[in-house]
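Residue numbering restarts at 1 for every chain, and letters A, B, ... go by the order of the sequence lines.
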Protein chains: 2
Amino acid sequence: MKCCDMRGFLSYLILWLLGKKSMSGAELSAELERRKGSKPSPGTIYPALKELREKGLISADGNKVYSLTKKGQGELKGACAFFCRMFYDAKEMFGCCPLKWKK
Amino acid sequence: MKCCDMRGFLSYLILWLLGKKSMSGAELSAELERRKGSKPSPGTIYPALKELREKGLISADGNKVYSLTKKGQGELKGACAFFCRMFYDAKEMFGCCPLKWKK
DNA sequence: GTATAATCATCGGATAACCGATATATGAGG
DNA sequence: CCTCATATATCGGTTATCCGATGATTATAC
């Protein structure tokens, strides 16, 4: 058990990122690396994208650029609500974090 | 895959909660239910507490009331830093969540 | 058009996280 | 002391998540 490996948030973060901007797998991977500190393996990111596609939450254009579908937007909304309930005191968490990092 | 099951945050949340107040397993369980919407199984919460104890991050007094150790405080600090990096834009996430819930 | 690199994709396996069932301890009431 | 309810603890099994290796596709350079 690692107390802060944040396992299980990959799909949520993908939806969140695609909600801001359509991206390719490589772009998503780079953005995730910025957040987690390490780049997710290809064996992690692509199966996740595949499953999200199969569930109809995202779609890919001809250039493998992924976007949220309507259904995905709804899912993201629900996930955000859950996140906010789970971490309703996130502001305090931020307060106890003295570190700075590049955007 | 559930896009928002928040799997893997149990230990982090336990440390976070104990950082605010020492609690028994039952109190922790109730607080987690408030956040997640469902009470964690005994088979979930107690093994987690055991492992945190074995790692020296928390300690229990005679009445099974758990507290953070010094080491646990350090671990929590690191986990918070990681959380904040991971979700540096959490404020936006909160913004897209229209729901209200009981504290 | 071919070579090279980057990206995308799949597969099998390892691990972690969690649950349900069950067993033990603790405490309150009578 | 005895009973019952609650809290604590353990165990086995299931599932999800992720990684590394490998192969296929696409783009770029020449």
Subject >> Nearest-Å distance for atom pair CD/C1', residues B:E54 and D:dT10 >> reply: 12 Å
Original post:
Does B:E75 come within less than 4.0 Å of B:K71, counting only side-chain N to carboxylate O?
Top reply: no
**OP:** Calculate the interatomic distance between A:K55 atom NZ and D:dA16 atom C1'; express it in whole Å.
**Re:** 12 Å
Original post:
Given atom CG of B:L28 and atom P of D:dA9, what is their separation to the nearest angstrom?
Top reply: 12 Å
Original post:
Contact class for A:S24 vs. all strands (heavy atom < 4.0 Å): base, sugar-phosphate, or nothing?
Top reply: sugar-phosphate
**OP:** List for me each residue that meets side chain to side chain donor-acceptor pair (under 3.5 Å) alongside B:T69, sequence neighbours excluded, and say none if there are none.
**Re:** none
Original post:
What's the CG-P distance between B:L49 and D:dT8, to the nearest Å?
Top reply: 9 Å
Original post:
Quick one: do A:K55 and A:E51 make a salt bridge, cutoff under 4.0 Å?
Top reply: no
Subject >> Separation of atom CG in B:L10 from atom P in C:dA17, rounded to whole Å >> reply: 9 Å
**OP:** Scan residues 13-30 of chain A for pairs that pass salt bridge (Lys or Arg N to Asp or Glu O under 4.0 Å), counting only residues two or more places apart or in two chains.
**Re:** A:K20-B:D89, A:K20-B:E92, A:K21-A:E27
Original post:
Quick one: B:I45 CD1 to D:dT6 C1', roughly how many Å, whole number?
Top reply: 16 Å
Subject >> Base versus backbone protein contacts along nucleotides 20-28 of chain C [heavy-atom cut-off under 4.0 Å; B, S, -] >> reply: BB-------
Subject >> Any B:L57 side-chain heavy atom under 4.5 Å of B:L68 side chain >> reply: no
**OP:** Nearest whole angstrom, please: distance from the P of D:dT8 to the CE of B:M23.
**Re:** 13 Å
Original post:
Roughly how many Å is it from OH in B:Y12 to C1' in C:dA17, rounded to a whole number?
Top reply: 18 Å
**OP:** With the side chain of B:P40 defined as its heavy atoms from C-beta on, choose the nearest nucleotide among D:dT8, C:dC8, C:dC19.
**Re:** C:dC19
**OP:** Using heavy atoms to find the nearest nucleotide of DNA chain D for B:Y66 and A:G62 separately, return the residue whose nucleotide is more 5′.
**Re:** B:Y66
Original post:
Can you check whether A:F87 and B:F9 have ring centres sitting under 6.0 Å from each other?
Top reply: yes
Original post:
Does B:R34 offer a backbone N or O that forms a donor-acceptor pair with the side chain of A:R85 under 3.5 Å?
Top reply: yes
